2 protein chains.
Amino acid sequence: MNLKTLSEHLGLSQTTVSRALNGYPEVNEKTRKRVLEAAQELNYSPNARAKGLATGRAMAIGHVIARSTKHEMVNPVFGDYTAGAGESYSAAGYDMLISLVDDENEERFYRAMKSKGNVDGIIVHGPRMEDPRIDLLSDLGMPFLCHGRASGVARDYAWLDVNNTRAFQRATEFLLDLGHRRIALLNGLETLEFAHRRKQGFLNALQDRGMTPDPALMRTGEMTEIYGYRETRALLAAGTRPTAILTASMITAMGVRRALWDEGLTMGRDISVITFDDDLSYLKNGQDVPIFTATRSSVREAGRLSAQMLLDMINDPERTLRTHLMEADLIIGQSTGPAPDRV
Amino acid sequence: MNLKTLSEHLGLSQTTVSRALNGYPEVNEKTRKRVLEAAQELNYSPNARAKGLATGRAMAIGHVIARSTKHEMVNPVFGDYTAGAGESYSAAGYDMLISLVDDENEERFYRAMKSKGNVDGIIVHGPRMEDPRIDLLSDLGMPFLCHGRASGVARDYAWLDVNNTRAFQRATEFLLDLGHRRIALLNGLETLEFAHRRKQGFLNALQDRGMTPDPALMRTGEMTEIYGYRETRALLAAGTRPTAILTASMITAMGVRRALWDEGLTMGRDISVITFDDDLSYLKNGQDVPIFTATRSSVREAGRLSAQMLLDMINDPERTLRTHLMEADLIIGQSTGPAPDRV
DNA sequence: CTAGCTGTTCAAAGCGCTTTGAATTGACAC
DNA sequence: GTGTCAATTCAAAGCGCTTTGAACAGCTAG
């Protein structure tokens, strides 16, 4: 069923039928009604490629996932973020196009995306410091929004981010207030912006209290369960144990918890743990009372919001570039308590 | 940069340039070389919509995620599956189109997808029993592949599945061999096919040994950490404790583990635990020695394979419908041991 | 009665590509 | 010198839609 068949069926021109379907005012209401009913009944929906070709709009947003050959891990946050973004897209009638790209071919790929024209905009994931994609996409004139910020980029660009610095600063301060002095940081890979900012927050808090960070207590790596487990074991085995651990994800925190259990330590009493909680739907931080004290920010909400912001930009290009900083909540759970040497 | 500009730039017709780029034989090799170089240099890549319109192929595969209003959870497996599928797609030059659909609108949506023509095929996720989508898509003539099987569907269709029945049957037999007689099953939602099949495997194993399953030991629910925790606590509180627990996902198993810890029980000694392990990249089951004894099957590999199978179907429609049953490995870890009452 | 509207409909061009059918060229055989 | 053929190249139609500019009917104002 295409427009031609439909209009012949109705005894109308394609022009009129098209206008009736797209809500143009110069169509007689009776005609419009007739057209809409026929379209419904005959299960007509316009061919997206033809429509796109005629309008110059793809009605789709691209999400580019850089697949580094080194780090094969899929971000556990991906599913929930996608679900959030998907909600905004489907409400607006947009599709979501996901592509995996080897990180060496990234530039070529973005250029191709532009000239292939199968997306109207792009969400940039996991920005790195001085991320070249921002300049590239700006130069290409491709609307985009960055999920996370990239420092070291001079140009203005649209982004949505969590206040990672503040979140970890507050978490660290909270631990300091509880009397903890030896606080370990199990951070994500610090080539990634968000991890870098969290570290800054951690350092800020220490500095504000005139404390010098101990490099031996600061670790970085991919945020897996094993990573949390191993580093915690290593920290516990080393000379002076930390009394608190600040970690970058629920999954890592679960590894930390396992290591503590193995050592016969009780979380919250012997050692305090704070984690960043992305509020993943399949990994809730407890039911009523949170298991882990955490800085919480819903990544699903981030997906929903960032998609909406990008759609707004596309529909109103005159609007100035929008940015949005989400604050993480500090949620008190059962994994923190006063420093043991202070009790 | 479009084909017209490029061909004018080269002093050739659009026909020749198009053929040169698409590898047709009737083009002089010198000409082809010249064209390819110019295309590279000028960053030309053909407009996907126009190409699609002309060829009738979208070069994209749709993944439809049904968003039930009741179960808001995003399947934790989604990211890894997508990554696997994405590998096959990007190797073949296909895009992946992901759409969220409310489950009431599902039929309308599939029909629209067909007539919009923005995908060449569809992957059906999370089939339910007697899933109506299979008949619908067959009738629409839309190529599709089902990730998982749906029982109660008369028609033939292409699918890729894990042998869930066999996996849980083997796991149960393994526990029985270790002397366990009271084995609990923490299953996923049994409206979903895979959970139903796992239950069957569990029951088969008991039946083969002439045992009667105890309904009090069989639970079902969304596979969260909390679910594992709660049900385990409940099982331990009840009259006769199980000596082993068979659970449906790593995340649930982690909840089970937490409950055991809270009760001061040692996993593998006091209570044995076996889980299904999807081999998620962010949730590895230990490094060298697995933490959990598990039935393991990589969902990423499933994604890669199923995408490839669908592409094969699309490129060679004459081929008979393909199906593929993956066997899960039974991996022995530290979470199982002989039944305590037997030692 | 005519000019000028307004409301409604239409024919045709154009979006950027592929592909059909025809044209052109040079080489070769007769 | 002419006819045939293979190797290249080309002009134009068509994919299914939107949108421009024109047409037409029915009114009202002059």
Side-chain angles (χ1 to χ4, degrees), chain A residues 1-36 38-39 42-60 93 95 111-120 315, chain B residues 1-36 38-39 42-60 93 95 111-120 315:
Chain A
M1 174 58 53
N2 58 20
L3 185 61
K4 192 176 171 198
T5 327
L6 178 63
S7 51
E8 280 167 1
H9 176 85
L10 284 160
L12 288 167
S13 73
Q14 297 188 37
T15 311
T16 305
V17 176
S18 169
R19 284 187 166 150
L21 292 171
N22 289 308
Y24 281 71
E26 60 268 55
V27 177
N28 188 314
E29 278 310 318
K30 273 180 199 154
T31 314
R32 187 195 305 283
K33 189 151 172 278
R34 208 158 64 84
V35 171
L36 288 174
L42 298 173
N43 260 312
Y44 169 78
S45 37
N47 181 299
R49 293 188 298 265
K51 189 163 184 162
L53 187 55
T55 56
R57 313 194 61 176
M59 296 304 282
D95 289 323
R111 286 191 186 282
M113 217 154 195
K114 169 73 181 175
S115 55
K116 278 169 63 181
N118 48 4
V119 299
D120 298 323
N315 292 322
Chain B
M1 174 60 50
N2 58 19
L3 185 61
K4 193 176 171 197
T5 327
L6 179 62
S7 52
E8 279 167 0
H9 175 86
L10 283 161
L12 288 167
S13 74
Q14 297 189 36
T15 310
T16 305
V17 176
S18 168
R19 286 186 164 149
L21 292 171
N22 289 308
Y24 282 70
E26 60 267 56
V27 177
N28 188 314
E29 279 311 318
K30 272 179 200 153
T31 314
R32 187 195 305 282
K33 188 149 171 281
R34 207 158 63 86
V35 171
L36 288 175
L42 299 174
N43 260 313
Y44 168 77
S45 36
N47 181 298
R49 292 188 298 264
K51 190 163 183 162
L53 187 55
T55 56
R57 314 195 59 175
M59 297 303 282
D95 290 323
R111 286 191 188 282
M113 218 155 192
K114 168 72 181 178
S115 57
K116 278 169 63 179
N118 49 4
V119 300
D120 298 323
N315 293 322

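Keep in mind it's a predicted model, so treat the numbers as computed, not measured. Values below: all heavy atoms of this structure, side chains included; hydrogens, waters and symmetry mates excluded. Below, read A as the first sequence line, B as the second, and so on, with proteins coming before strands; counting in each chain starts at 1.
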[atom1] of [X] versus [atom2] of [N]: gap in Å, rounded?
| X | N | atom1 | atom2 | value |
| --- | --- | --- | --- | --- |
| A/Asn118 | C/dC17 | CG | P | 13 Å |
| B/Glu8 | D/dC10 | CD | P | 12 Å |
| B/Arg32 | D/dT9 | CZ | C1' | 13 Å |
| A/Tyr24 | C/dT9 | OH | P | 16 Å |
| A/Leu3 | D/dG16 | CG | P | 10 Å |
| A/Met1 | D/dC17 | CE | P | 10 Å |
| A/Asn47 | D/dG16 | CG | C1' | 6 Å |
| A/Lys4 | D/dC15 | NZ | P | 7 Å |

Q) Hey, does the side chain of A/Asn28 reach the backbone of A/Lys30 with a donor-acceptor pair shorter than 3.5 angstrom? A)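 Side chain of A/Asn28 to backbone of A/Lys30, a donor-acceptor pair under 3.5 Å: yes, one is there.
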First locate atom [atom1] of [X], then atom [atom2] of [Y], and finally report the distance between them rounded to the nearest 0.5 Å.
| X | Y | atom1 | atom2 | result |
| --- | --- | --- | --- | --- |
| A/Arg49 | B/Asn47 | CZ | CG | 12.0 Å |
| A/Leu3 | A/Leu21 | CG | CG | 7.5 Å |
| A/Glu26 | A/Thr31 | CD | OG1 | 12.0 Å |
| B/Leu12 | B/Ser18 | CG | OG | 12.0 Å |

Q. Could you write nucleotides 22-27 of chain C as a row of B, S and -, 5' to 3', where a protein heavy atom under 4.0 Å of any base atom gives B, of only sugar-phosphate atoms gives S, and otherwise -?
A. ------
Q. So which nucleotide from D/dC17, D/dT19, C/dT19 ends up closest to the side chain of A/Tyr44?
A.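 Selected nucleotide (nearest to the side chain): D/dC17.
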Q | Full working for side chain to side chain contact (heavy atoms under 4.5 Å, CB included) between A/Leu10 and A/Arg34 | A | CA-CA 8 Å; A/Leu10 284 160; A/Arg34 208 158 64 84; 3.8 Å; yes
Q) Hey, does the side chain of A/Asn22 come within less than 4.0 Å of D/dT18's phosphate (OP1/OP2), counting only N and O? A)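 Yes, because at least one side-chain N or O of A/Asn22 sits under 4.0 Å from OP1 or OP2 of D/dT18.
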Q.
Just N and O in the side chain of B/Lys51: are any of them under 4.0 Å from OP1 or OP2 of C/dG16?
A.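 Indeed not, no polar side-chain atom of B/Lys51 lies that close.
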Q: Just report the end-to-end axis angle for the helix from C/dC1-D/dG30 to C/dC30-D/dG1, five pairs per end, to 10 degrees.
A: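 What I find for the helix from C/dC1-D/dG30 to C/dC30-D/dG1 is an axis angle of 70°.
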Q: Taking side-chain hydrogen bond (donor to acceptor under 3.5 Å, both in side chains) as the test, write out the residues that go with B/Asn118, two or more places apart.
A: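 For B/Asn118, the residues satisfying side-chain hydrogen bond (donor to acceptor under 3.5 Å, both in side chains) (neighbours in sequence not counted) are A/Asp95.
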Looking at every heavy atom in both [X] and [Y], which two are closest together, and how far apart are they?
| X | Y | answer |
| --- | --- | --- |
| B/Arg19 | B/Arg32 | O-NH1, 3.8 Å |
| B/Asn2 | B/Tyr44 | C-CE1, 3.6 Å |
| A/Ala112 | B/Ser45 | CA-OG, 3.5 Å |
| A/Leu6 | A/Ala38 | CD1-CB, 4.1 Å |
| A/Val27 | A/Ala20 | CG2-N, 3.8 Å |
| B/Ser7 | B/Gln14 | OG-CG, 3.4 Å |

Can you give me the N/O atom pairs linking the protein to nucleotides 5-8 of chain C at distances under 3.5 Å, or say none if there are none?
none

**Q.** Under the side chain to side chain contact (heavy atoms under 4.5 Å, CB included) test, residues paired with B/Arg57 that sit two or more places apart
**A.**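 Scan of B/Arg57 (side chain to side chain contact (heavy atoms under 4.5 Å, CB included), adjacent residues dropped) gives B/Thr55, B/Tyr94, B/Asp120, B/Ile314, B/Asn315.
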Q.
I need the residues from residues 9-18 of chain B with at least one non-hydrogen atom less than 4.0 Å from DNA chain D; give them sorted by number, or say none.
A.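 Output list: B/Gly11, B/Leu12, B/Ser13, B/Thr15, B/Thr16.
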